[in-house]
There are 2 protein chains.
Amino acid sequence: MQPVEEMLKNIRGFIKAKGYFLTGPRYDVAKALAETPTHLDADEIHQLLGKVRIDASTVYRVLNLFCKLRICRKIVVDNGPAQYELSERFMVHHHHLICKHCGKVINFDEFDLLESELSKLEKLFRRKYKFVVADHKLEFEGVCMTCGPVSRNKPSL
Amino acid sequence: MQPVEEMLKNIRGFIKAKGYFLTGPRYDVAKALAETPTHLDADEIHQLLGKVRIDASTVYRVLNLFCKLRICRKIVVDNGPAQYELSERFMVHHHHLICKHCGKVINFDEFDLLESELSKLEKLFRRKYKFVVADHKLEFEGVCMTCGPVSRNKPSL
DNA sequence: ATTGATGCAAAAGATTTGCATTAGG
DNA sequence: CCTAATGCAAATCTTTTGCATCAAT
């Protein structure tokens, strides 16, 4: 992952190349995302930007634009607002461990064999289902360290 | 997958074993899920049960109970209501291809190598992150046959 | 009788939208 | 100027909740 300044420069270039402006609010949201190693929801971003004057609806509009341009990626979670993170263009490719008690999202990037299996599958889908894969998402749901100690038994919930 | 009648019998036994009743609404929702090879959202279930008198909030309450008991499984999707499907106790284990144009969800169960890789990962998470995996979810997002013809190029969106 | 399940209506939470205003080129 | 972006307020959509009623043992 690149330093924040460089990421912002890249994002600026990316937005302009697509014919959009990097306005104040867009810069602020991009900065919040670039400075956060994990994920933020719309409201957290709005809070972070407390001092600057920005409306919640603008945050959503910016995030939607960013998703459309693939600057960021939306993670929909059960019971709660969607989370956003910079896309793989700016972050390393990874997937998520989601704690079903506290909702915490842990990134992981241990793959090796897995990713090659995934791309084999993607070719299969194209043949068998005529389905063209643009992105894949792998999530593990469970109980994190804080919410439940590791034991030999599966969690009861 | 078993015939619907048998699935319902199993579900009845499962619910009673957990100390709950299989009431009318619960039976109707279970039947709707058992008769659907793919997924339904709460409103679709409500529609399906049009003749029988059941309130939308009851549908949600039943679905939440079913998820808690692991009779069914909730699939949260972007832009739209959550989808529900019977759990792997009653359906074969599978994952999803999600079309980002029309929202269609296609089941797939081609695994082989993949599943063993996934369980290796789950062991790793327990060691490295002290995270105990209860379930995993693998989704491929892309464009389905109806929404875009298969081509050699990646979809522009 | 007592506990749990349901219907109804209202509330809550997240996100989107219409419209007037402002800003950027 | 002209188009795009923003703030504000209201609307929308999904899901949850409080409460009175009903059902089941």
Side-chain angles (χ1 to χ4, degrees), chain A residues 11-32 39-69 71-85 100 103 105, chain B residues 11-12 14-32 39-69 71-84 100 103 105:
Chain A
I11 291 173
R12 155 170 276 125
F14 196 80
I15 289 184
K16 302 205 111 177
K18 295 280 183 178
Y20 294 87
F21 311 127
L22 185 62
T23 61
R26 287 175 186 171
Y27 178 85
D28 294 333
V29 171
K31 187 151 171 284
H39 325 84
L40 294 170
D41 63 45
D43 189 56
E44 285 168 339
I45 292 172
H46 195 205
Q47 303 294 326
L48 273 179
L49 273 41
K51 316 105 202 289
V52 286
R53 163 198 152 89
I54 182 173
D55 189 73
S57 67
T58 302
V59 174
Y60 281 105
R61 277 191 273 233
V62 169
L63 289 170
N64 286 341
L65 176 68
F66 282 10
C67 284
K68 195 175 78 173
L69 300 182
I71 289 169
C72 78
R73 173 175 147 101
K74 183 176 182 178
I75 310 164
V76 283
V77 297
D78 194 7
N79 296 328
Q83 308 273 118
Y84 297 86
E85 65 182 12
K100 63 169 121 176
V105 180
Chain B
I11 292 172
R12 156 169 275 127
F14 197 79
I15 289 184
K16 301 207 111 176
K18 296 281 184 178
Y20 294 88
F21 311 125
L22 184 63
T23 61
R26 288 176 185 169
Y27 178 84
D28 294 333
V29 171
K31 187 151 171 285
H39 325 84
L40 293 170
D41 64 44
D43 189 56
E44 286 168 338
I45 293 171
H46 196 205
Q47 303 294 327
L48 272 180
L49 273 40
K51 314 104 204 283
V52 285
R53 161 199 154 88
I54 182 173
D55 190 72
S57 67
T58 302
V59 173
Y60 281 104
R61 277 191 273 233
V62 169
L63 288 170
N64 286 341
L65 176 68
F66 281 10
C67 284
K68 197 175 79 175
L69 299 182
I71 288 169
C72 78
R73 174 176 148 100
K74 183 176 183 177
I75 310 163
V76 284
V77 296
D78 195 6
N79 296 331
Q83 307 272 118
Y84 297 86
K100 61 169 121 177
V105 181

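None of the values given here were measured: they were computed from a predicted structure. Worth knowing before you read on, the calculation uses all heavy atoms, side chains too, and leaves out hydrogens, waters and symmetry mates. We name chains A, B, ... by the order of the sequence lines, and we start the count at 1 in each one.
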Shortest non-hydrogen contact from B:Ala82 to B:Asp41? O-CB, 3.1 Å

Are B:Phe66 and B:Ile15 close enough that some pair of their side-chain heavy atoms sits under 4.5 Å apart? yes

How does protein reach along nucleotides 8-21 of chain C, written 5' to 3' as B (base within reach of a heavy atom under 4.0 Å), S (only sugar-phosphate), or - (no contact)? BB----SBBBB---

Atom CG of B:Leu40 and atom CD1 of B:Ile45: how far apart are they, to the nearest 0.5 Å? 5.0 Å

Got a second to check how far A:Asp28's CG is from A:Thr58's OG1, nearest 0.5 Å? 11.0 Å

From CG of A:Leu69 over to C1' of D:dA4, roughly how many Å is that when rounded to an integer? 14 Å

Quick one: which protein N/O atoms are closer than 3.5 Å to N/O atoms of nucleotides 3-5 of chain C? Pair and distance per line, please.
unit_1: C:dA5; atom_1: OP1; unit_2: B:Arg26; atom_2: NH1; d: 3.0
unit_1: C:dA5; atom_1: OP1; unit_2: B:Arg26; atom_2: NH2; d: 3.1
unit_1: C:dA5; atom_1: O5'; unit_2: B:Arg26; atom_2: NH2; d: 3.4

dist A:Tyr60:OH -> A:Asp55:CG (nearest 0.5 Å) comes out at 11.0 Å

Do the non-hydrogen side-chain atoms of B:Ile54 and B:Val62 ever get within less than 4.5 Å of each other? no

Quick one: pull up NE2 in A:His39 and OH in A:Tyr84 and give me the separation to the nearest 0.5 Å. 13.0 Å

Quick one: side chains of residues 74-81 of chain A, donor-acceptor pairs under 3.5 Å with protein atoms, not counting sequence neighbours, listed by atom name and distance.
unit_1: A:Lys74; atom_1: NZ; unit_2: B:Asp78; atom_2: OD1; d: 2.8
unit_1: A:Asp78; atom_1: OD1; unit_2: B:Lys74; atom_2: NZ; d: 2.8

Using atom CD1 of A:Ile15 as one end and atom P of C:dG24 as the other, report the distance to the nearest whole Å. 15 Å

